[in-house]
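Order of the sequence lines fixes the chain letters, A, B, ..., with proteins taken first and strands second; residue numbering starts at 1 for each chain.
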Protein chains: 2
Amino acid sequence: MKAGQRNSIAAELIAVLVAVTAGQPRVMTIRQGKALPSGPFELGHRSLQSGLRDWVEQQTRHPLGYIEQLYTFADRDRAGDASEQRVISISYLALTREEQAEPADKAAWRYWYDYFPWEDHRTGVPSVLPDTIVPRLKAWADAADSRALRHHLWQRAAIAFGLEDYAWNEDLVLQRYELLYEASFVEEAHRGRGADNAVFGRAMQADHRRILATGIARLRAKIKYRPVVFELMPPTFTLLQLQRTVEALAGRLVHKQNFRRLVEQQELVEETGALTADTGGRPAKLFRFRHGVLAERATSGTKLPLSRA
Amino acid sequence: MKAGQRNSIAAELIAVLVAVTAGQPRVMTIRQGKALPSGPFELGHRSLQSGLRDWVEQQTRHPLGYIEQLYTFADRDRAGDASEQRVISISYLALTREEQAEPADKAAWRYWYDYFPWEDHRTGVPSVLPDTIVPRLKAWADAADSRALRHHLWQRAAIAFGLEDYAWNEDLVLQRYELLYEASFVEEAHRGRGADNAVFGRAMQADHRRILATGIARLRAKIKYRPVVFELMPPTFTLLQLQRTVEALAGRLVHKQNFRRLVEQQELVEETGALTADTGGRPAKLFRFRHGVLAERATSGTKLPLSRA
DNA sequence: CCAGTTATACTCGTTTAGAGCATTATTCCC
DNA sequence: GGGAATAATGCTCTAAACGAGTATAACTGG
């Protein structure tokens, strides 16, 4: 059978475009922050990636740098309507430096923790977690029918949110979002019926927030073994700037001395010779990314010296 | 714009279905081992995964267990013809135990090292590497125009194949295949013009061998941090059987005592109480996978205690 | 009984990772 | 000019993880 003739299938390209500015991670959005840049894949596109570039650059006037594929899905219940038209969504993670140029149209950079307030642990555990999310998750789990199910749900919550004896794991962004979705604590879970989205983060259209969660999770995992942070850095930077960027992405603080040790012993950077006329404190050496590492090491990378407890 | 109407797009689902039997890794194929199981995604399918299951089970009569997405692509030069029809290929990695039932039709399990003879280092470096591949790569690199390019190509070869001061890295399956492709050392690179495929492994149709390489690379990387090996194991097994399976996938041997230490201290398995009436040697305890770990640990996993040099 | 084979227990030295202390070099403010 | 505050940077300590090796136990087949 010659495929495609009997099938009305369209492909949609979606980008999670990330930049870190002034120590804050941001994501490019359109429609008042309610959607990620996206557009249909068309016959004229050379490849999926070039199609993505076309759309994003058109919608946001911002060029894409590093790109990596996230996930492809086509679940029937996505659009809500069981129409004849079937859409395959192909999502990407893109990293860039925030440019001077004004984004086009309604495109705008948004702080990503506006969408996931419970994910930023840099200044300690966000109060919304112990105050609201955890008690509600507990109540939700307790409301389950069987004893086994109650235990199972609470177990999942404990792992995802670092409760009981489990430590907080910053990589579980997607699991946390999905748990909140399952428990109907995010607006997307009950469209139109209205929920207090103030507490559970800013909502997005369709499943864009889930895709964003996927992107954040991937990026948090990846910075630990691949030198991708540098895609987000300016040409030269101090080690503290680099550290702040990593911390912004990971949503948690790292041990400064150990971070330096790691970066230097892995020879990820080289001195430029210059110093910064910095904000308060002793002047810092300026570094640049040592591009050689990309060639030398197909493997290993930047492990985060995260704290134990 | 309502997408899809102006575009004639079809989606194809492709599976890299892996099993390990008698210490040998195998992949499910159709058409005399020249193709991976695949089929079009259709409107009737509930999701991409369920569509994949339908096709593979129909073509091979073998049920799929664990499934994970590999990659989605739609490069224009794939099919060779620049036709009006555009195909998006979505590939998956699937793990299973080889079943008793005869595969349907022309479906058959094939040793995956038949396709990549240079990837099996369990009994030492395959002779094809020093005897043929390396000299030819050297000649290929030396034939480049500029001095810079010569150095660059040889550098890439050295990293990918563990030459010069670089150690062999079993995860670089895809990089190695692509290098051989670039150098026109695999049959796929010059379709119809005929090459000695005996040396450079069995060829496959279209880019199926590249997809297989992607699957192997993913699996080799994944067994190091996630307990996915158990998807390939029978319900109970000895630690040596487990080790042999890991070694079959990784294409290299591991240190037996350290492997046991790792598996046990991570509490991946539990004793069944039974022993094996084994082949020669002292009887071994039988273990089963401790399914609890899947719930307990969303992160971390089974690092391989690989040898240094 | 012996050779061969596998299972299993332990030890040793090196490397890595988390944590903390100490010192140096600036700016800001009084 | 003298702190206080802020950063940068150098160094040590400890525990865990990792690669490697030794030793011993339990079985099979001749």
- Note on the structure: Looking only at D:dC18, C:dA17, C:dT6, the nucleotide nearest the A:L262 side chain is C:dA17
- Query: Can you tell which of C:dA7, C:dA19, D:dA20 lies closest to the side chain of B:H255?
  - Reply: D:dA20
Quick one: which protein N/O atoms are closer than 3.5 Å to N/O atoms of nucleotides 10-12 of chain C? Pair and distance per line, please.
none

- Message: Applying side-chain hydrogen bond (donor to acceptor under 3.5 Å, both in side chains) as the test, list every pair that has at least one member in residues 229-239 of chain B; sequence neighbours left out.
- Response: none
Show which side-chain atoms of residues 270-277 of chain A pair as donor or acceptor with protein atoms under 3.5 Å away, not counting sequence neighbours.
from, atom 1, to, atom 2, distance (Å)
A:E270, OE2, A:R288, NH1, 3.3
A:E271, OE2, A:K285, NZ, 3.4
A:T272, OG1, A:A274, N, 3.1
A:T272, OG1, A:L286, O, 3.2
A:T276, OG1, A:A284, N, 3.3
A:T276, OG1, A:A284, O, 3.1

- Difference in axis direction between the ends of the helix from C:dC1-D:dG30 to C:dC30-D:dG1, five pairs, 10°: 10°
Tabulate atom names and distances for all N/O pairs under 3.5 angstrom spanning the protein and nucleotides 25-28 of chain D.
from, atom 1, to, atom 2, distance (Å)
D:dA25, N3, B:R282, NH1, 3.2
D:dA26, O4', B:R282, NE, 3.4
D:dA26, N3, B:R282, N, 3.4

Starting at [atom1] of [X] and ending at [atom2] of [N], how long is that distance when rounded to a whole Å?
X	N	atom1	atom2	answer
A:F237	D:dA8	CZ	C1'	16 Å
A:L253	D:dA7	CG	P	13 Å
A:Q265	D:dC11	CD	C1'	14 Å
A:Q243	D:dT9	CD	C1'	13 Å
A:Q241	D:dA8	CD	P	9 Å
A:E271	D:dT9	CD	C1'	12 Å
B:F259	D:dG21	CZ	P	19 Å
A:R260	C:dG18	CZ	C1'	17 Å

- Message: What's the separation between atom CZ in A:R136 and atom CD1 in A:I133, rounded to the nearest 0.5 Å?
- Response: 9.0 Å
- So what does B:L239 hit on the nucleic acid, given a heavy-atom distance under 4.0 Å: a base, only sugar-phosphate, or nothing? nothing
- With a 4.0 Å cut-off on heavy atoms, is A:K285 in touch with a base, just the backbone sugar-phosphate, or nothing at all? sugar-phosphate
- List for me each residue that meets side chain to side chain donor-acceptor pair (under 3.5 Å) alongside B:Y92, sequence neighbours excluded, and say none if there are none. B:Q69
- Message: Run the side chain to side chain donor-acceptor pair (under 3.5 Å) test against B:T21 and tell me which residues pass, sequence neighbours left out.
- Response: B:E98
- Query: Are B:Y66 and B:E68 close enough that a side-chain donor and a side-chain acceptor fall under 3.5 Å?
  - Reply: yes
- Residues at least two apart in sequence or cross-chain that pass ring-ring contact (aromatic ring centres under 6.0 Å, His included) with A:H152, listed by chain then number, are none
Can you name the salt bridge (Lys or Arg N to Asp or Glu O under 4.0 Å) partners of [X], sequence neighbours left out?
X	value
A:R261	none
B:R97	none
B:E178	B:R210

- Task: Look at B:K256 and C:dT8 and indicate whether a side-chain polar atom (N or O) is within less than 4.0 Å of OP1 or OP2.
- Result: no
- Item | A:R218 side chain to A:L93 backbone, donor-acceptor under 3.5 Å | no
- What pairs with A:A158 under side chain to side chain contact (heavy atoms under 4.5 Å, CB included), at least two apart in sequence or on another chain? A:L163, A:E164, A:Y166
